[in-house]
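Worksheet for the structure shown next.
For ligands, and for the atoms within them, numbers begin at 1 and follow the listed sequence.
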Amino acid sequence: MTAYDPNNIFAKILRGEFPCYKVYEDDHVLAFLDIMPRAPGHTLVIPKAPARNLLDVKPDDLAHVARAAQKIARAAMTTFKADGITLQQFSESAGGQVVFHLHIHVMPRHNGIALLPPASRKEDVKVLEDSATKLIAALQGG
Ligand code: 5GP
């Protein structure tokens, strides 16, 4: 498998070289909004440790990401009045991966509403700010 590339966009976000709409952070993970959401509140959860995808991530780092994905999913259910949640993780180009730092997509779902195609439109800044503020409040129990 190809080696991890420290210049991928999510590595730059982790190093603070590129902005993001952060919703959650702890010692092991960072969660931020997808700027081209396939559903309102679409969030990406990534490990702080470098990992290209599911195939090379250390099991403990994957466990931290899974725990954080559950936290985000629970908060997103109330924040976005969702009926359900879809998680997705793509590994390697053939698996649909575009950014090569492991991430889990957490997508709030509503009955009868299909996901938008991947990367179909960049969301309005105001919408992203509003989603982040509400999700952060829910994650903090507010
Ligand atoms: P995947 O690699 O699983 O196919 O998806 C990469 C995801 O990253 C896509 O959903 C895309 O919209 C998102 N994405 C691409 N560039 C950026 C970026 O600069 N910032 C954020 N927050 N998301 C991005």
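Contact residues for ligand 1 (protein heavy atom closer than 4.0 angstrom to any ligand atom): I9, F10, F18, F32, L33, D34, I35, M36, L44, F90, G96, Q97, V98, V99, H103, H105.
Within the 4.5 Å cutoff, the side chain of H64 has no heavy atoms near those of the D27 side chain. Side-chain atoms of P118 and R38, non-hydrogen and from C-beta on, do get closer than 4.5 Å to each other.
Residues satisfying the salt bridge (charged side-chain N to carboxylate O under 4.0 Å, His left out) test with R67, not counting sequence neighbours, are none. H105 is linked by a ring-ring contact (aromatic ring centres under 6.0 Å, His included) to H42, F90, H103, counting only residues two or more places apart in sequence or in another chain. For K12, the side-chain hydrogen bond (donor to acceptor under 3.5 Å, both in side chains) criterion is met by no residue, not counting sequence neighbours.
Two rings, from F32 and F10, have their centers less than 6.0 Å apart.
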